[in-house]
K.L.:
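First the structure, then my questions, so here it is.
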Amino acid sequence: MKTKSLNELIDLMGGSLQADDTSVKVLDADLLRKNIGIALFDRGRLYEAIDHFEAAMNLYGERKPRGTVAQAVRFAAGFLNFVLSLYVPGVKFRKVPTEREQAAIDLYKRKMTALAVTMPKRMFIESFIFSRLLVRYDMTRVENGLGILAGYSAIFCWPGMSFTLSRKILQIVAGKLDPDVPKPWIYFRFSEVIHRFLKGEWDRIPPCDEELVERSLKIGEFFYTTTYLDINCHFQLERGRLDLAERSLGRIREIATTYDYDYAQDEYHFLRTLLLLKRRRIPEALAEAEEGLTFAKQRSYTTDVFSLLAFKARAQVLLGDLDGADKTLHELDSGLTKENIVPLYLSWCLASHFLLDLARIGGQSAAGAAGGRAGRARQAQRTARKMLRNSRKAASERTEVRRLRGLLEWTRGRRRQALRWWEKSVDQAGRLGASLELAWTYREAGTRLRGEAGPPLALGGLQADELLAKAEDLIRDMECPPPSARSRSEGPGGA
């Protein structure tokens with residue numbers, strides 16, 4: 001359906017809801033809410049769709065438990081029941097759904113998808129309240145049942161809850177997929193890639209399946225196709241395959257423009273900001289973050305608002321606007337109190353706080369500010385410990401976190417400790433194949449060592465000029481433009 005027609009339909013149905021009682025009787029109100037929700041969902045207007053989906057569940061006799069205690073009990077029971085079902089499937093997953101039950105499952109699935117990027121904490125809780133309904137049925141007899149089940153793999157690994165249960169679900173689903181049915185496959189591939197990306201099994205991530213992307217778009221599966229391209233873009237960026245990252249980013253932009261799909265436009269802003277930051281094109285990254293924030297806030301894409309605020313603060317620190325970064329992080333922290341945030345996003349938030357503290361340390365003179373420097377150094381060290389713990393659940397951050405920890409030690413005058421952390425950073429990059437962050441570790445270490453007086457120090461047997469040469473070689477191979485003069489080093493005192 002063309003965008004103009006879809007928008008007119010949404011407006012028409014919305015007007016019917018506000019009509020007098022006689023008009024509403026013509027179209028059942030709950031059915032109308034369902035149709036409005038689906039129309040909004042298909043446009044990527046996910047936040048607006050949620051209340052309509054919730055009201056429409058009345059059609060199927062499904063109501064969310066009221067009150068905190070009731071929700072907690074239903075969540076705990078649903079969670080335990082779901083985990084038990086994975087290991088003793090013979091007692092569950094047996095019933096064939098009726099047409100009415102199938103419609104309820106589809107509506108629930110859409111609602112959980114919409115909540116995932118707008119209210120993630122609520123999504124996590126309600127996913128396991130919903131699972132009590134799901135585990136009754138033979139997933140091969142539910143429309144896209146295997147895809148829905150595969151999505152639970154992401155629910156376990158995305159917040160870092162359990163890679164074991166995440167893998168278990170993938171193993172169950174993998175052997176049952178029909179190669180001729182694309183919809184479950186796009187759910188499965190997304191869940192598989194995000195599992196391996198976060199766990200650090202990068203050598204086992206399959207190439208982006210362009211044919212699957214095309215087949216999924218043809219059947220109107222925009223959300224999971226976008227998220228599949230999203231995680232592939234991020235993965236290839238970390239590997240230093242900027243050509244492949246740009247290709248996935250371009251496909252997301254095509255989805256946004258061709259189908260007028262709002263969520264794809266949001267992901268384009270998010271990924272382009274990340275790409276620009278990783279390539280050290282800082283002024284452009286700041287401008288993209290500002291544009292992305294305007295778009296994401298208007299549509300309540302909560303998770304990307306958090307990420308873009310973290311990116312914005314980081315860009316402000318690197319450009320020397322420390323007061324601006326402080327204000328941005330205050331806004332970010334205010335939002336974080338309302339939602340649980342997944343480890344990957346938390347890492348970006350912590351890194352921005354860390355860099356701000358580091359920049360404040362570098363901006364304070366030794367005379368008259370020793371107490372302030374020491375206090376900020378302790379705060380930065382606490383943040384560094386949190387980043388290290390958090391990176392166990394987000395492999396893509398492991399190389400950078402160790403580089404930043406080394407930068408803190410260097411700033412505190414602990415040269416050899418800094419070198420040890422940079423060696424750990426290089427080791428992590430080698431294990432993962434994280435070429436982009438490896439280049440920045442070589443550059444950071446080389447820049448610091450070049451300006452150091454006294455006997456020459458080395459990292460892995462390489463001295464300053466050799467480290468810088470290796471960094472330039474990696475950057476050149478990635479066709480990644482060298483950073484601007486203002487952003488060559490992430491910490492105080494850089495070249």
Side-chain angles (χ1 to χ4, degrees), residues 30-31 33-64 74-75 78-79 81-82 85-86 92-93 95-156 158 166 169-170 172-173 176-177 181-191 194 216 219-228 261 263 303:
D30 290 335
L31 181 59
R33 295 294 290 270
K34 173 184 174 179
N35 291 333
I36 293 174
I38 291 174
L40 289 167
F41 182 90
D42 289 344
R43 252 300 257 113
R45 291 161 60 177
L46 304 177
Y47 181 78
E48 296 171 73
I50 293 168
D51 285 344
H52 293 289
F53 288 150
E54 189 144 310
M57 290 308 296
N58 292 329
L59 288 167
Y60 309 104
E62 292 290 337
R63 294 178 180 273
K64 187 175 72 173
R74 286 275 293 275
F75 167 78
F79 181 88
N81 191 27
F82 183 84
S85 301
L86 297 179
K92 300 289 183 180
F93 300 120
K95 187 178 176 183
V96 178
T98 64
E99 185 176 339
R100 177 184 174 86
E101 290 166 337
Q102 174 63 65
I105 292 170
D106 180 70
L107 200 60
Y108 243 128
K109 184 267 295 181
R110 290 176 184 268
K111 180 184 170 187
M112 293 306 102
T113 300
L115 286 171
V117 296
T118 56
M119 290 175 268
K121 181 178 180 180
R122 181 175 161 189
M123 181 279 296
F124 184 79
I125 293 170
E126 292 193 25
S127 288
F128 289 101
I129 294 175
F130 165 48
S131 68
R132 69 176 177 79
L133 175 67
L134 195 65
V135 298
R136 300 173 189 169
Y137 304 106
D138 179 351
M139 288 292 98
T140 63
R141 305 292 294 275
V142 174
E143 183 182 350
N144 194 34
L146 292 174
I148 296 171
L149 183 58
Y152 274 83
S153 170
I155 291 174
F156 278 107
W158 190 228
S166 174
I169 294 168
L170 292 174
I172 291 171
V173 173
K176 299 179 179 181
L177 290 168
V181 183
K183 193 165 189 172
W185 273 102
I186 196 70
Y187 286 63
F188 175 80
R189 284 299 184 207
F190 162 73
S191 299
I194 202 167
S216 299
I219 62 172
E221 186 50 68
F222 301 137
F223 181 86
Y224 272 91
T225 305
T226 299
T227 52
Y228 174 64
Y261 187 60
Y263 183 62
T303 55

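In this chain, residues are counted from 1 in sequence order.
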K.L.:
What distance separates Phe188 CZ from Ile169 CD1, expressed to the nearest 0.5 Å?
P.N.:
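Result: 11.5 Å between the selected atoms.
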
K.L.:
Not counting sequence neighbours, which residues clear side-chain contact (heavy atoms from CB on, under 4.5 Å) with Glu48? List them please.
P.N.:
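Partners of Glu48 under the side-chain contact (heavy atoms from CB on, under 4.5 Å) test: Leu40, Arg45.
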
K.L.:
Give the intermediate values and the outcome of ring-ring contact (aromatic ring centres under 6.0 Å, His included) for residues Tyr228 and Phe190.
P.N.:
CA-CA 5 Å; Tyr228 174 64; Phe190 162 73; 7.9 Å; no

K.L.:
Can you list the residues that meet the salt bridge (Lys or Arg N to Asp or Glu O under 4.0 Å) rule with Arg141, with sequence neighbours excluded?
P.N.:
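Result, salt bridge (Lys or Arg N to Asp or Glu O under 4.0 Å) vs Arg141: none returned.
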
K.L.:
Does any non-hydrogen side-chain atom of Ile38 lie less than 4.5 Å from one of His52?
P.N.:
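Counting from C-beta outward, His52 and Ile38 never come under 4.5 Å.
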
K.L.:
Please identify each residue that fulfils side-chain contact (heavy atoms from CB on, under 4.5 Å) with Thr225, with sequence neighbours left out.
P.N.:
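Ile186, Val213, Ser216, Leu217, Glu221, Leu229, Ile255.
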
K.L.:
List the residues meeting side-chain contact (heavy atoms from CB on, under 4.5 Å) with Glu101, not counting sequence neighbours, and say none if there are none.
P.N.:
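So Glu101 forms a side-chain contact (heavy atoms from CB on, under 4.5 Å) with Lys95, Pro97, Thr98, Tyr137.
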
K.L.:
Would you say Phe124 and Ile155 make side-chain contact, with heavy atoms under 4.5 Å?
P.N.:
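The answer is yes, as the side chains (C-beta and beyond) meet within the 4.5 Å cut-off.
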
K.L.:
Enter the distance from Ser131:OG to Arg74:CZ here, rounded to the nearest 0.5 Å.
P.N.:
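Atom-to-atom, Ser131:OG and Arg74:CZ are 10.0 Å apart.
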
K.L.:
Ser166: what forms a side-chain hydrogen bond (donor to acceptor under 3.5 Å, both in side chains) with it, not counting sequence neighbours?
P.N.:
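Ser166: side-chain hydrogen bond (donor to acceptor under 3.5 Å, both in side chains) contacts with Ser153, His195.
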
K.L.:
Taking distance alone, no hydrogens or angles, what donor-acceptor pairs closer than 3.5 Å link side-chain atoms of residues 108-117 to residues at least two apart or in another chain?
P.N.:
unit_1	atom_1	unit_2	atom_2	d
Lys109	NZ	Tyr187	OH	3.1
Arg110	NE	Asp106	OD2	3.1
Arg110	NH1	Asp42	OD1	3.4
Lys111	NZ	Glu54	OE1	2.8
Lys111	NZ	Glu126	OE1	2.8
Thr113	OG1	Lys109	O	2.9

K.L.:
Check the pair Trp185 / Val181 against side-chain contact (heavy atoms from CB on, under 4.5 Å), numbers first and verdict last.
P.N.:
CA-CA 7 Å; Trp185 273 102; Val181 183; 5.6 Å; no

K.L.:
Answer with yes or no after comparing the ring centroid distance for Phe79 and Tyr152 against a 6.0 Å cut-off, counting only values under it.
P.N.:
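No, too far apart.
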
K.L.:
Would you call the rings of Tyr261 and Phe222 parallel, tilted or perpendicular, where under 30° means parallel and over 60° means perpendicular?
P.N.:
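Tilted: the ring planes of Tyr261 and Phe222 meet at 30° to 60°.
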
